[in-house]
Amino acid sequence: MFGIPGKQAVTMTPAAAKQITKLMTKDGHQGLRIGVKKGGCAGMEYTMDYVSEIDPHDEVVEQDGARVMIAPMAQMFLFGTEIDYEVSLLESGFKFRNPNVTEACGCGESIKFDDTLPAKA
C-alpha cells in the first residue's frame with residue numbers, strides 16, 4: 001500500500017527471521033502480524049499477534065522462511081523498519097529500528113511518530 005516497487009516494507013535481521021520462523025512452526029501459524037496502536041506514555045505501541053489466516057489487505061513480507069504481515073493502518077508507520085531479535089542476560093525480545101519514530105519513552109515500549117502522520121492505528 002505505501003511501498004516502493006522492489007523494496008520490502010520492513011526487513012528482518014537473521015536473528016529475527018530465525019525467531020519468527022521458530023514461532024510460526026511451533027503451532028502451525030502463517031506468520032506474525034505487526035501493527036501499532038494508541039497507548040503508552042509516548043502515544044503509540046507496537047503490536048505483534050500470531051496469524052492463522054492471511055488478511056488480503058495485509059502487506060506480506062517474507063524473508064529467510066519468516067513471514068510478517070503488516071496491518072493496513074500500520075503500513076505508513078512501519079515502512080522502512082528493521083525488525084531484530086536480541087537476547088541479553090536480563091531479557092530477550094523483538095526490537096524495532098523504525099526511521100519514522102521521533103520519540104520513545106525510557107522503557108522502550110512506547111513510541112511517537114511525526115505529527116504529520118495520521119494516528120488512526
Paired with Y50, the side-chain contact (heavy atoms from CB on, under 4.5 Å) test is passed by just one of Q30, H29, R33, namely H29

Quick one: side chains of residues 82-90, donor-acceptor pairs under 3.5 Å with protein atoms, not counting sequence neighbours, listed by atom name and distance.
{"from": "E82", "atom 1": "OE1", "to": "R97", "atom 2": "NH1", "distance (Å)": "2.7"}
{"from": "D84", "atom 1": "OD1", "to": "T13", "atom 2": "OG1", "distance (Å)": "2.6"}
{"from": "D84", "atom 1": "OD2", "to": "R97", "atom 2": "NH1", "distance (Å)": "3.3"}
{"from": "D84", "atom 1": "OD2", "to": "R97", "atom 2": "NH2", "distance (Å)": "2.9"}
{"from": "Y85", "atom 1": "OH", "to": "S92", "atom 2": "OG", "distance (Å)": "3.4"}
{"from": "E86", "atom 1": "OE2", "to": "R97", "atom 2": "NH2", "distance (Å)": "3.0"}
{"from": "S88", "atom 1": "OG", "to": "L90", "atom 2": "N", "distance (Å)": "3.4"}
{"from": "S88", "atom 1": "OG", "to": "E91", "atom 2": "N", "distance (Å)": "3.2"}
{"from": "S88", "atom 1": "OG", "to": "E91", "atom 2": "O", "distance (Å)": "3.0"}

d(E59 CD, I34 CD1) to nearest 0.5 Å is 10.5 Å

(message) Hydrophobic cluster membership, with links at side-chain heavy-atom distances under 4.5 Å among I/L/V/M/F/W/Y: are L78 and V60 in one?
(response) no

dist Q75:CD -> H57:NE2 (nearest 0.5 Å) comes out at 10.5 Å

Tightest non-hydrogen contact, residues G80 and P99, listed as O-CD, 3.4 Å

Residues Q19 and F94: closest non-hydrogen pair is CG-CZ, 3.7 Å

Nearest heavy-atom contact between I20 and A66 is CG2-CB, 3.7 Å

- Linked, directly or transitively: V10 and F96 (ILVMFWY side chains, under 4.5 Å): yes

- prompt: Is any side-chain heavy atom of L32 less than 4.5 Å from a side-chain heavy atom of M69?
  reply: no

Applying a strict under-4.5 Å side-chain criterion to I, L, V, M, F, W and Y, I'd like to know whether V61 and F77 cluster together.
yes

Test of understanding: clusters of I, L, V, M, F, W, Y form through side-chain heavy atoms closer than 4.5 Å, transitively. Do M48 and M12 belong to the same one? yes

Sequence neighbours excluded, the answer for side chain to side chain donor-acceptor pair (under 3.5 Å) partners of T81 is N98

Do D64 and K18 touch side chain to side chain, with heavy atoms closer than 4.5 Å?
no

